[in-house]
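In what follows, a structure is listed as structure tokens, so that the remarks can point back to it.
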Number of protein chains: 2
Amino acid sequence: MDVTIYEVAKRAGVSIATVSRALRGTGPVAAKTREKVLKAVEELNFTPSRLGVSLAEGRHAANGVVFPDLAGPYYTEVLLGYEEVASELGRSVVILSTKGRTRVNDLIKDLAGRVDGLLVFGHAAPDPLIAELVRLGVRLVVISRDPLPGADTLRSENTASARALAEHLAGHGYERFAFLGAPLTSGDDVDERWRGVRSVLGGAIEAVATREYTVECGFDAARALLKDRRPEAIVCSDDEVALGALLAAEELGLDVPGDVAVTGWDDIMAARHARPALTTVRQPMRELGARAARALDELITGVRDTPRHLILTTELVVRASCGPHPQEVRT
Amino acid sequence: MDVTIYEVAKRAGVSIATVSRALRGTGPVAAKTREKVLKAVEELNFTPSRLGVSLAEGRHAANGVVFPDLAGPYYTEVLLGYEEVASELGRSVVILSTKGRTRVNDLIKDLAGRVDGLLVFGHAAPDPLIAELVRLGVRLVVISRDPLPGADTLRSENTASARALAEHLAGHGYERFAFLGAPLTSGDDVDERWRGVRSVLGGAIEAVATREYTVECGFDAARALLKDRRPEAIVCSDDEVALGALLAAEELGLDVPGDVAVTGWDDIMAARHARPALTTVRQPMRELGARAARALDELITGVRDTPRHLILTTELVVRASCGPHPQEVRT
DNA sequence: TGCATTTGTGTAAGCGCTTACATCAGCTCA
DNA sequence: TGAGCTGATGTAAGCGCTTACACAAATGCA
């Protein structure tokens with residue numbers, strides 16, 4: 001891994017410029033010369049140093065991604081979609097997890113210095129930092145949050161889907177609801193969902209916090225809620241919290257949906273396999289990642305230079321956990 | 001992000017060497033000079049170009065990781081442990097997912113060219129490629145597979161734990177077993193587990209393949225198995241497959257562990273929350289990642305230059321899914 | 001006070017590439 | 001047959017840093 005273009009040039013009896021041209025296919029090279037070069041490359045096992053190339057080209061050919069954590073399928077699915085497209089576009093992906101880290105801002109700035117563009121999950125970086133990155137000219141796509149100036153934002157639709165979900169539940173005849181989700185950060189996905197359902201259900205729904213968006217936290221919060229003042233339906237901020245709620249109900253000997261209906265959000269794989277299968281809102285997670293990678297590519301290559309705010313559509317997926325509802329089709 | 005050390009030097013009225021020294025703390029710099037430099041850095045919002053630094057230092061300050069996929073907690077947990085320690089050591093992490101990719105070898109070699117060292121999950125890269133990387137002098141840690149020459153390997157203990165698990169199940173009085181796991185690749189973790197249980201149970205256990213190590217595949221394979229010729233106990237290659245088996249049993253109206261016992265491997269969070277809670281073997285996933293990062297650091301810095309093969313200890317975790325067993329302690 | 005250190009700073013040579021520009025054959029075509 | 005091309009190659013100037021080395025100024029000590 002430490003043979004340089006000079007050695008190849010010497011061995012092939014040409015200049016380094018010719019080697020470079022032969023390898024990249026830029027500029028004309030005589031067939032015979034190319035042969036010689038390729039032979040030398042082969043013999044020496046030469047691979048151009050990424051650092052040299054990048055420094056000369058003035059680009060990293062790498063994208064960054066900042067996430068709080070990797071717990072659960074949401075982050076990993078988005079990440080995989082992102083990595084796949086980035087790879088397709090010839091870019092590597094450099095990751096940074098912020099949960100439990102100190103000096104997050106420094107870490108993120110450092111990351112920004114080693115990539116051509118950055119994907120940031122909504123809650124993984126504080127707003128002032130985002131603003132600073134924008135000011136520094138970092139190419140940025142922020143995911144799962146409301147639009148902000150200077151950066152692309154990308155999210156799935158929340159409000160309308162939340163209203164649809166709420167209306168569906170209301171159609172079951174339920175009258176006392178709870179929204180089980182983490183502390184609401186204004187403008188993030190969960191906040192939008194909460195606003196959406198509340199706009200339909202009004203005072204009939206109360207918000208209940210969980211520590212995090214995990215099965216465990218959903219379990220704890222749901223158990224407390226169900227013991228204390230059982231609502232007829234629990235709308236959860238996401239599928240994992242909902243899975244926790246299902247477990248809590250089971251532990252308390254409650255039937256879902258007989259005693260309490262439960263819904264999730266995201267449509268992760270486990271939602272379909274849960275018992276009862278989870279009514280949820282399907283959000284295109286891979287697609288989010290893929291779009292982010294493409295958006296970043298546009299910003300980096302300069303095809304586009306004004307921020308764009310994209311919202312992907314979602315789909316209400318009705319399954320057993322919200323109760324019998326003959327009009328709807330099950331998946 | 002495009003202000004260079006030259007501009008800082010000019011503004012501070014010093015040479016670029018002094019700027020570099022002031023910023024890195026290498027070599028002596030007068031307090032007053034440092035002030036001037038820091039002021040200029042501040043005003044210009046200077047961040048040293050990572051490419052320039054890396055090229056000059058001759059190191060990327062980045063590690064790579066190659067995984068097949070990110071499905072389930074195993075990969076993400078290892079990855080997070082790895083990233084955390086790498087970050088602590090001042091190294092970024094560049095990821096590469098190989099599942100469904102064409103030209104994997106090229107992708108991996110490309111990755112090798114942009115990092116100082118590589119963590120590779122056992123099944124993510126073909127053996128010949130590993131050998132080639134070793135030959136090229138790539139610093140390498142391979143995880144979850146048997147030792148191979150030239151590279152560090154790192155895994156959790158399998159054989160003894162598998163025997164312990166098998167003996168535990170035999171102690172319940174079960175006599176007909178199935179091992180539910182993916183097609184066995186010689187030398188990988190699952191293969192070791194299979195060999196371990198078989199060494200105890202002999203002809204009483206049969207191997208049943210799953211397409212992948214996922215809940216879904218576990219579900220499908222288990223359903224087929226349970227319908228066809230129900231064993232008394234199903235030893236699963238990992239927790240996710242086991243969760244699938246639990247779901248299959250439930251769908252078929254079978255009681256676990258009454259009608260069939262089920263065990264997993266890994267002790268992912270869902271194992272504890274499953275109903276019944278899953279008997280499994282706890283493997284220190286974060287620790288694996290963390291160790292890999294440290295091992296790589298040793299190889300990169302040259303503290304150590306001979307390969308090391310490390311095996312971390314595991315722990316049998318007995319829960320309800322294998323049936324009542326008063327002698328053991330439940331967690 | 002003079003000499004040997006130490007301290008502070010600058011100069012310049014890399015690190016490994018890409019590419020603009022210069023050069024020079026060998027052709028084409030009038 | 002020579003002007004004008006085109007094609008093939010080399011030269012050298014970056015890209016943005018780090019650091020060995022040189023050197024001048026400041027300091028220590030006898």
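We name chains A, B, ... by the order of the sequence lines, and we start the count at 1 in each one.
- Computed from coordinates, the A:Leu55 CG to D:dG14 C1' distance equals 9 Å when rounded to whole Å.
- Closest-nucleotide positions on DNA chain D for B:Leu51 and A:Arg21 were compared, and the one nearer the 5' end corresponds to A:Arg21.
- Rounded to the nearest 0.5 Å, atoms CG (B:Asn63) and CD1 (B:Ile300) are 4.5 Å apart.
- The distance from atom CZ of A:Arg59 to atom P of C:dT19 is 10 Å, rounded to the nearest whole Å.
- Between the P atom of D:dC15 and the CD atom of B:Glu7 lies a distance of 11 Å, rounded to the nearest Å.
- For the OP1/OP2 pair of C:dG10 and a distance below 4.0 Å, the side-chain nitrogens and oxygens of B:Thr18 include at least one atom meeting the criterion.
- A:Ile130 CD1 to A:Arg145 CZ: the interatomic distance, rounded to the nearest 0.5 Å, is 6.5 Å.
- A:Ser54 comes within contact range of no nucleotide atom at all, as no heavy-atom separation falls under 4.0 Å.
- Using a 4.5 Å heavy-atom threshold, the side chains of B:Val115 and B:Arg91 count as separate.
- Comparing C:dT18, D:dT18, C:dT11 by their closest approach to the side chain of B:Ser15 singles out C:dT11.
- Residue contacts shown for A:Ala30 are limited to sugar-phosphate atoms, with no base heavy atom under 4.0 Å away.
- Going from atom NZ of B:Lys32 over to atom P of D:dA25 covers 17 Å, rounded to whole Å.
- Contact annotation: B:Arg24 side-chain N/O to D:dT19 OP1/OP2 distance is under 4.0 Å.
- Comparing A:Tyr6 and A:Thr33 against DNA chain D, the residue whose closest nucleotide sits nearer the 5' end is A:Thr33.
- Residue contacts shown for B:Ser20 include a base, since a base heavy atom lies under 4.0 Å away.
- Between B:Ile5 atom CD1 and C:dT11 atom P there is a gap of 14 Å when expressed in whole angstrom units.
- A:Arg50 has its CZ atom 16 Å from the C1' atom of D:dG16, to the nearest Å.
- The separation between A:Ile16 atom CD1 and C:dT19 atom P is 12 Å, rounded to whole Å.
- Nearest to the side chain of B:Pro28, among C:dG8, D:dG16, C:dT18, sits C:dG8.
- Note: CG (B:Leu23) to P (D:dC17) measures 10 Å, nearest angstrom.
- Backbone-only contact: A:Pro48 has heavy atoms under 4.0 Å from sugar-phosphate atoms and none from a base.
- Once rounded to the nearest 0.5 Å, the distance linking CD1 of A:Ile108 with OG1 of A:Thr98 reads 6.5 Å.
- Of the residues listed (B:Phe121, B:Phe67, B:Tyr82), the one engaging B:Tyr75 in a ring-ring contact (aromatic ring centres under 6.0 Å, His included) is B:Phe121, and it is the only one.
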